[in-house]
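For reference, the structure is listed below as structure tokens.
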Amino acid sequence: MSEQKSMPPKKRGKVTIDEKRCKGCWYCIEYCPTKVLKVSEHLNEKGYHPPELVEEPPSKVCIACHLCELYCPDFAIVVEEIK
Amino acid sequence: MNPMEEMRREEEKLLRTDRLPHVWCPGCGIGITLNAFLRAFIRSKIDPNKLVVVSGIGCTGRAAGYVNVDSFHTTHGRGIPFAVGIKFARPDLNVVVFSGDGDLFAIGGNHFVNAARRNHDLLVIAVNNFTYGMTGGQHGPTTPTGAYTTTTPYGNPDRPFNIPHLAISLGAPYVARWTTYHVNQIQNSIYHALHKKGFRVIEVISQCPTVYGRRNDMKTPLEMMHYFQKNSVRKDDASFEELELSYNGKIVVGVFRDVQGIPTYEERYEDIIRRAKK
């Protein structure tokens, strides 16, 4: 009865943040499904706290969903898929 | 290359990156809308040389300055008349009016009404942030009843414009409304609208935490986004009463009208020229 659905291939991404463009709205941190981003403690040159990647615990990995890219109003995030 | 990475690279080419970071406040929804528009445009595979972005005055009016295609930053409220002129002179171009609520519905309200009535072949992306952001948060024609702004410190007594209702009643063939929370839906909606003809209106409810949210208990960008997240309801066949925006109430989103086959003004004009030449 139950069809065995093949799982989609596991995707992994690499998040690059352009700190010069970031204005610290933190939508990326809020809407990341795997919560790989957090507020950093340092300031960028405009005086905002840009996001940074959390320290690499194995459960928190970027799955290359690109949602942070779509939510970023400042065009400051690029997600690259890594093989 | 991965299509999303390809898109991001293409997007950088369509932006005037030397002018970034842009002037919009932290968490402003106009950036999200512009991002969605550029991605939808890249997906549509239209030649960038065939795109013209026209915008009026205001926060959203600055969008024309950040796109690396032919763009016009027009006088206040006159985005649609300029766009009509461009479309008449060069019917092969895709003309997009990217402007704000104050520009399109207050000072440019009459232009919007008449362009919609005549069904000009334009795509209008109206970013509605409920207020005049650039001049300091005065109340405008889209401010919900009861909202607090700098000029309505005891609550706004006016009723706001019901933009989808207005556009549908004037016969616009494509009318949609989204909030900036719906990033993928805005993108898909713009993508579909780019392939249609006629006066297409997409209203994007956007957050203005700096001057609107601050006075209405939504101080941070995230609080405004949570408000959209909690209160938006998708209903494509919503009645006109349901489409009306209320203060802190539900936001009905969706594609409310999507019809084909209504002749555009440009087509009818061509027809008249043909008949006159006989």
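All values below come from the heavy atoms of this structure, side chains included, with hydrogens, waters and symmetry mates left out. Since we're looking at a predicted model, the values are computed, not measured. Residue numbering restarts at 1 for every chain, and letters A, B, ... go by the order of the sequence lines.
- Between the side chain of B:His22 and the backbone N or O of A:Pro73, at least one donor-acceptor pair lies under 3.5 Å.
- Although no hydrogens or angles enter the test, the distance criterion places a donor-acceptor pair under 3.5 Å between the side chain of B:Arg8 and the main chain of A:Ile77.
- Taking both residues in full, the closest heavy atoms of B:Pro26 and A:Tyr48 are given as CG-OH, 3.5 Å, listed atom of the first, atom of the second, then distance.
- The aromatic rings of A:Tyr71 and B:Tyr181 sit tilted, their planes meeting at an angle between 30° and 60°.
- Between A:Arg21 and B:Glu12 a salt bridge is recorded (basic side-chain N to carboxylate O distance below 4.0 Å).
- Here the side chains of B:Asn184 and A:Leu67 are in contact, with some heavy-atom distance below 4.5 Å.
- Between the B:Asn35 side chain and the A:Glu69 main chain, a donor and an acceptor come within less than 3.5 Å of each other.
- When every heavy atom of B:Gly31 is checked against every heavy atom of A:Phe75, the shortest pair comes out as O-CZ, 3.9 Å.
- Pairing each heavy atom of A:Leu70 with each of B:Val183, the nearest pair is O-CG1, 3.6 Å.
- B:Ile186 does not touch chain A: none of its heavy atoms, backbone or side chain, sits under 4.5 Å away.
- Using a 4.5 Å heavy-atom cutoff, the side chains of A:Trp26 and B:Thr220 are not in contact.
- A heavy-atom distance below 4.5 Å is not found between the side chains of B:Trp24 and A:Asp74.
- Enclosure of atom NZ in B:Lys219 is not indicated, since only 12 or fewer non-hydrogen atoms of other residues, nucleotides or ligands lie within 6.0 angstrom.
- Residues A:Tyr27 and B:Pro221 share a closest heavy-atom pair of OH-CB, 3.3 Å.
- In this structure, A:Lys23 contributes its side chain and B:Pro21 its backbone to no donor-acceptor pair below 3.5 Å.
- In this structure, B:Met7 CE and A:His66 NE2 are separated by 10.0 Å, a value rounded to the nearest 0.5 Å.
- For B:Phe72, the CZ atom counts as loosely surrounded, since its 6.0 Å shell holds 12 or fewer non-hydrogen atoms of other residues, nucleotides or ligands.
- Side-chain contact between A:Tyr31 and B:Gln229: present, with at least one pair of heavy atoms (C-beta onward) separated by less than 4.5 Å.
- Residue A:Ala64 does not touch chain B at all, counting heavy-atom pairs closer than 4.5 Å.
- Taking CE of B:Met224 as the start and SG of A:Cys25 as the end, the distance is 13.5 Å to the nearest 0.5 Å.
- For a residue to count as touching a neighbouring chain, one of its non-hydrogen atoms must lie under 4.5 Å from one of that chain's; by this rule B:Thr180 touches chain A with the backbone only.
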